[in-house]
Amino acid sequence: MRTINIVICFLLVSAFSSAQQLQSFISEALDNSPEIQAYNLRHNIAEEKVNEADWIPNTEFSAGYFVSEPETRTGSQRARFSARQMLPWFGTITARENYASAMADSEYVEIVIAKRKLALSVSQSYYRLYSIKEKQKVLDENIQLLKTYEKLALTSVEVGKASAVDVLKLQIRQNELQQQKEVLDEGYSGEQTILNKLLNRDGETEVTVLENLMPPDEDSVFAEDALMLNPELLKYDKLYESVVQSEELNQAERNPMIGFGLDYMPVSERPDMSFSDNGKDIFMPMVSVSVPLFNNKYKSTSKQNELKQLEIRAQKDSRLNDLESAFAQAISSRNQARIKYNTLEKNLKQANDAEEILLKNYETGTIDFNDVLDIQELQLKFQINQISAVETYYAHSAIINYLITQ
């Protein structure tokens with residue numbers, strides 16, 4: 001019993017250490033990912049557009065010289081200088097800033113989504129590496145086991161209790177397992193490169209994967225509305241809000257624009273006359289109003305915004321259906337993996353019991369090496385499938401975390 005408790009504690013410590021190591025990989029990937037950096041820069045650009053929104057039309061300056069000077073009572077006009085400034089209606093600039101802020105918020109959600117997808121990719125790659133590593137370990141153990149059986153078979157051949165065919169069968173089986181191990185070596189090398197590139201480092205960097213993962217005693221329970229907090233859905237809320245702000249900006253731009261200006265005309269003195277205003281320059285303050293009388297553009301924009309809102313709602317409903325399906329599938333696959341793991345655990349124990357019986361029979365000289373190969377093949381099958389079940393369990397747990405973790 002004490003030995004069992006020690007094993008359980010070791011497995012729990014290994015699972016905790018593996019989770020810490022995986023989180024370390026995820027943090028490294030988030031810090032170094034050029035894709036995340038690109039999303040951050042895009043968000044920075046969107047935030048800068050808030051400052052861009054605080055603008056007014058250019059101030060207009062103009063100057064003209066009279067080739068033929070017009071005569072007035074106070075003298076002839078020589079030139080004309082003008083300055084004009086149009087100002088948007090009250091609240092228009094604020095509406096622009098609100099729209100730009102809403103677009104920046106939607107870009108920020110894209111960063112959150114990209115980070116979650118990257119964390120999911122790192123997790124799944126890590127668990128694939130774990131699976132390959134564990135299968136390599138199991139194959140090594142089975143190859144050594146077959147070598148032990150081969151020695152027993154050679155001894156039995158010497159005393160006439162087995163044939164050379166039994167030895168050859170055991171050697172052929174070793175060759176098959178060695179081939180599987182070499183194939184896994186190639187798979188590990190490729191998957192290691194994938195994980196390294198997710199971490200944005202050299203593909204040949206050695207990746208250490210901890211061992212002895214197993215499903216936890218209990219599965220997490222999730223609230224029914226947990227999916228509603230997924231940023232893939234929140235993105236549509238932010239897009240919807242940006243359309244709302246776009247419409248408010250459209251309504252603000254339908255208002256008139258007010259302009260203020262000043263005209264200045266220098267006047268020459270009349271030499272043949274003497275009076276108080278002779279040669280007095282002309283200053284003329286001006287006020288103007290720009291009215292959008294033909295406003296089909298704004299009506300069309302309002303209609304487009306209304307349609308965009310309907311489109312975003314439909315897209316959100318569609319995406320929610322997809323996420324709910326993915327969530328249900330991930331839960332089902334995770335539960336299936338646990339069932340397979342538990343069943344394989346029982347089968348593996350029974351196969352080990354059968355192996356012990358065969359070894360005891362060897363002591364009495366009645367061992368059948370065909371039975372040995374059959375049991376060994378069953379053991380390997382159960383071990384490999386159990387490792388695959390662990391990989392499936394954690395890979396789909398990672399999908400669940402992607403879908404519902406806040």
Side-chain angles (χ1 to χ4, degrees), residues 1-26 119-145 177 180-181 184-185 187-188 191-192 194-195 207-222 327 329-356 375-405:
M1 180 64 70
R2 182 180 178 184
T3 302
I4 294 175
N5 290 335
I6 292 174
V7 171
I8 292 175
C9 290
F10 175 74
L11 292 175
L12 290 175
V13 170
S14 297
F16 178 73
S17 299
S18 181
Q20 283 188 317
Q21 184 187 45
L22 175 56
Q23 187 57 50
S24 175
F25 284 146
I26 291 174
L120 175 60
S121 296
V122 171
S123 299
Q124 292 182 325
S125 180
Y126 178 85
Y127 292 129
R128 285 194 293 269
L129 277 179
Y130 163 81
S131 177
I132 295 172
K133 197 73 173 178
E134 285 295 295
K135 289 175 182 177
Q136 288 174 321
K137 179 181 174 182
V138 166
L139 287 172
D140 282 334
E141 292 172 352
N142 277 265
I143 289 172
Q144 293 302 317
L145 181 62
L177 297 190
Q180 293 179 33
K181 185 174 181 299
L184 286 175
D185 288 340
Y188 189 90
E191 193 61 48
Q192 181 176 255
I194 291 174
L195 180 56
V207 176
T208 302
V209 179
L210 299 182
E211 303 175 351
N212 300 313
L213 273 179
M214 60 183 296
D217 294 335
E218 295 182 357
D219 294 325
S220 303
V221 178
F222 308 105
F327 183 68
Q329 181 62 46
I331 291 288
S332 175
S333 297
R334 187 194 65 176
N335 293 344
Q336 291 176 41
R338 175 183 287 281
I339 293 170
K340 289 178 182 178
Y341 179 88
N342 293 336
T343 302
L344 289 166
E345 186 72 16
K346 296 176 184 177
N347 290 343
L348 188 56
K349 183 179 182 304
Q350 293 172 342
N352 290 337
D353 292 341
E355 180 189 19
E356 289 182 9
I375 290 299
Q376 184 275 331
E377 188 174 352
L378 277 177
Q379 285 177 315
L380 179 60
K381 175 185 174 182
F382 295 152
Q383 288 173 311
I384 294 296
N385 288 343
Q386 193 173 44
I387 293 169
S388 296
V390 171
E391 178 194 353
T392 300
Y393 181 92
Y394 281 101
H396 284 87
S397 294
I399 294 175
I400 294 170
N401 288 335
Y402 169 81
L403 291 173
I404 56 88
T405 302

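Here, residue 1 is the first one in the sequence, and each next residue gets the next number. Here the structure is a predicted model, which is why all the values come from computation and not from measurement.
Here the side chain of Ser123 pairs a donor or acceptor atom with the backbone of Ala119 at under 3.5 angstrom. The main-chain N or O of Val207 is found under 3.5 Å from a side-chain atom of Gln192 such that the two form a donor-acceptor pair. With Tyr130 contributing its side chain and Leu213 its backbone, the two residues share a donor-acceptor pair below 3.5 Å.
Of all non-hydrogen atoms in Val390 and Pro215, the two that sit nearest each other are CG2-CD, 4.1 Å. Across all their heavy atoms, Ile375 and Ala351 have their closest contact at CG2-O, 3.7 Å. Taking every heavy atom of both residues into account, Glu191 and Ile132 meet most closely at CB-CD1, 4.3 Å. Closest approach of Leu120 and Ile399 over heavy atoms only: CD1-N, 3.7 Å.
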Please determine whether side-chain hydrogen bond (donor to acceptor under 3.5 Å, both in side chains) holds for the pair Tyr126 and Gln21, giving the CA-CA distance in whole Å, both sets of side-chain angles, and the decisive distance to 0.1 Å. CA-CA 10 Å; Tyr126 178 85; Gln21 184 187 45; 2.6 Å; yes
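Side chain to side chain, Asn142 and Gln383 meet the donor-acceptor criterion of an N or O pair below 3.5 Å. Side chains of Ser388 and Lys135: a donor-acceptor N/O pair is present below 3.5 angstrom, by distance only.
Shown here are the side-chain hydrogen bond (donor to acceptor under 3.5 Å, both in side chains) partners of Ser397, two or more places apart in sequence or in another chain: there are none. Remark: Ser332 engages Gln336 in a side-chain contact (heavy atoms from CB on, under 4.5 Å) (not counting sequence neighbours). Scanning for side-chain hydrogen bond (donor to acceptor under 3.5 Å, both in side chains) contacts around Asn335 gives an empty result, with sequence neighbours left out. For Gln329, the side-chain hydrogen bond (donor to acceptor under 3.5 Å, both in side chains) partners are Ser333, not counting sequence neighbours. Legend: residues meeting side-chain contact (heavy atoms from CB on, under 4.5 Å) with Ile339, ordered by chain and number and at least two apart, are Thr343. For Asp219, the side-chain hydrogen bond (donor to acceptor under 3.5 Å, both in side chains) partners two or more places apart in sequence, or in a different chain, are Arg338, Tyr393.
To the nearest 0.5 Å, atom NZ of residue Lys137 and atom NZ of residue Lys181 are 13.5 Å apart. Of the inter-residue distances, the one linking Ser131 atom OG with Ile384 atom CD1 reads 8.0 Å to the nearest 0.5 angstrom.
Contact of the Glu355 side chain with the Leu145 side chain is registered, since non-hydrogen atoms from C-beta on lie closer than 4.5 Å.
Atom NZ of Lys340 has 12 or fewer neighbouring heavy atoms from other residues, nucleotides or ligands inside a 6.0 Å radius.
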